[in-house]
Amino acid sequence: MTYTGDVQVGGPADVRELPKLTVSKLAVGPYDNNAYLLRCTDTGDGLLIDAAAEPDRLLALIGDQPISTIVTTHQHGDHWQALEQVAKVTGAQVIAHPLDAPALPVAVHRTVEHGDRLTVGVVTLEVIHLRGHTPGSIALLYDGGEEAGQHLFTGDSLFPGGVGNTWKDPERFEQLYTDVVERVFDRLPDGTWVYPGHGKDTTLGAERPHLEEWKARGW
């Protein structure tokens, strides 16, 4: 089956097989959150992005193979309702940005800043700090080069059709828009696949023509 990224709460995960990384996307909870399980194909090690809700379904997705890391993209409660239970069962290290870490329900084992690297098995992910939706919102970039392409997990900072919610605060919108343009669109190619915190996936190429519209719109 071809990966589309179209998932529904209560439905199965959609799975993407990349040369060195398997990406499983699962929709969970009352806010239709996306959780992403990344698994290194060489070692079997796993990393979960946003233990958002429904811990039983997340643990079933993880299965018998270990995960070493849970990354929380930002502090909003709909993205960590299952964090405490999944972390307890798996023993995984909890990671977040220091500006959002204090709001999480468990102690964070490691905080990460813009440009830091995380590993899942032999695969490296880059942390991109995108300020505005929350002070410590982060995205994770897997750059698989020519073989696998670029894959960006954006939390609630970038969606199909615009940047994340900044609650009509012009300063926060300007910060988020600027970070998304400078740290994402200005450096990554159109083929970069975007995996957001809610809803369907997109690509930078699909969104790039609309950047000026977003700026003029102001949200």
Side-chain angles (χ1 to χ4, degrees), residues 2-6 14 16-25 34-41 47-50 69 71-74 79 95-97 100 112-166 172-217 219:
T2 302
Y3 176 86
T4 65
D6 296 342
D14 199 5
R16 186 173 211 164
E17 301 282 355
L18 301 171
K20 291 188 177 296
L21 192 71
T22 299
V23 179
S24 300
K25 176 181 181 178
N34 296 325
Y36 297 95
L37 176 64
L38 313 185
R39 202 169 283 287
C40 171
T41 56
L47 177 149
L48 182 68
I49 300 173
D50 285 342
T69 308
V71 177
T72 302
T73 58
H74 63 287
H79 288 259
I95 293 179
H97 189 278
D100 279 16
V112 289
E113 301 276 2
H114 180 65
D116 283 351
R117 299 292 198 273
L118 300 175
T119 57
V120 50
V122 300
V123 172
T124 299
L125 306 170
E126 178 188 344
V127 176
I128 301 177
H129 188 194
L130 299 172
R131 301 158 290 186
H133 181 66
T134 66
S137 288
I138 56 173
L140 295 181
L141 172 66
Y142 169 53
D143 189 344
E146 292 185 4
E147 186 179 25
Q150 289 73 35
H151 301 264
L152 184 66
F153 301 86
T154 57
D156 284 1
S157 292
L158 178 62
F159 294 97
V163 298
N165 194 349
T166 52
R172 288 173 66 177
F173 172 78
E174 180 64 26
Q175 180 68 80
L176 180 54
Y177 178 83
T178 299
D179 277 2
V180 165
V181 170
E182 293 180 351
R183 297 181 174 187
V184 175
F185 283 94
D186 284 355
R187 59 167 292 211
L188 295 172
D190 283 353
T192 302
W193 197 274
V194 175
Y195 306 80
H198 304 262
K200 296 182 178 181
D201 299 354
T202 187
T203 65
L204 293 188
E207 306 304 323
R208 194 183 302 275
H210 305 290
L211 286 173
E212 289 302 317
E213 298 170 30
W214 301 353
K215 185 175 182 180
R217 188 177 67 193
W219 55 272

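For the numbers below, each heavy atom of this structure counts, side chains included, while hydrogens, waters and symmetry mates do not.
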So [Y] and [X], do their side chains get closer than 4.5 Å, heavy atoms only?
| X | Y | value |
| --- | --- | --- |
| T154 | V184 | no |
| L125 | L38 | yes |
| H114 | H97 | no |
| L47 | I95 | no |
| D6 | D14 | no |
| Y3 | D201 | yes |
| V194 | L204 | yes |
| L176 | S157 | yes |

* Taking the side chain from Y177 and the backbone from L211, do they hold a donor-acceptor pair closer than 3.5 Å? ->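 Yes, Y177 side chain to L211 backbone: donor-acceptor pair under 3.5 Å.
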* Are any side-chain N or O atoms of R172 and backbone N or O atoms of H133, one a donor and one an acceptor, separated by less than 3.5 Å? ->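 Confirmed, R172 side chain pairs with H133 backbone.
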For the [atom1] atom of [X] and the [atom2] atom of [Y], what is their distance to the nearest 0.5 Å?
| X | Y | atom1 | atom2 | value |
| --- | --- | --- | --- | --- |
| T22 | E17 | OG1 | CD | 3.5 Å |
| R39 | L21 | CZ | CG | 10.5 Å |
| L188 | R208 | CG | CZ | 8.0 Å |
| T178 | D186 | OG1 | CG | 10.0 Å |
| E174 | K215 | CD | NZ | 6.0 Å |

* What class does the angle between the rings of F153 and Y36 fall in, given that below 30° is parallel, 30 to 60° is tilted and above 60° is perpendicular? ->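 The arrangement is perpendicular - the two ring planes meet at more than 60°.
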Might you point out which heavy atoms bring [X] and [Y] nearest each other, and give the distance in Å?
| X | Y | answer |
| --- | --- | --- |
| A139 | L152 | CB-CD1, 4.0 Å |
| P189 | Q150 | CG-OE1, 3.2 Å |
| T4 | W193 | O-CZ2, 4.1 Å |
| L18 | A148 | CD2-O, 4.2 Å |

* To do: Run through L140, T134, D50 and flag the one making a side chain to side chain contact (heavy atoms under 4.5 Å, CB included) with T73.
  =>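 The single option meeting the side chain to side chain contact (heavy atoms under 4.5 Å, CB included) with T73 is D50.
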* Name of the residue among V71, L118, L141 meeting side chain to side chain contact (heavy atoms under 4.5 Å, CB included) with V127 ->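 By the side chain to side chain contact (heavy atoms under 4.5 Å, CB included) criterion, V127 pairs with just one of V71, L118, L141: L118.
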* **More than 12 heavy atoms of other groups within 6.0 Å of W214 CH2** =>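 Yes, the 6.0 Å shell around CH2 holds more than 12 heavy atoms from other groups.
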* Asked: Which residue, K25, H151, K200, forms the side chain to side chain donor-acceptor pair (under 3.5 Å) with Y195?
  ->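 Only one of K25, H151, K200 forms a side chain to side chain donor-acceptor pair (under 3.5 Å) with Y195, namely H151.
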* Show your reasoning for whether side chain to side chain contact (heavy atoms under 4.5 Å, CB included) applies to V163 and F173. => CA-CA 8 Å; V163 298; F173 172 78; 3.8 Å; yes
* Have H74 and D100 got a donor and an acceptor in their side chains that come within less than 3.5 Å? ->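 No, D100 and H74 have no side-chain donor paired with an acceptor closer than 3.5 Å.
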* Steps toward side-chain hydrogen bond (donor to acceptor under 3.5 Å, both in side chains) verdict (S137, D156) -> CA-CA 8 Å; S137 288; D156 284 1; over 6 Å; no
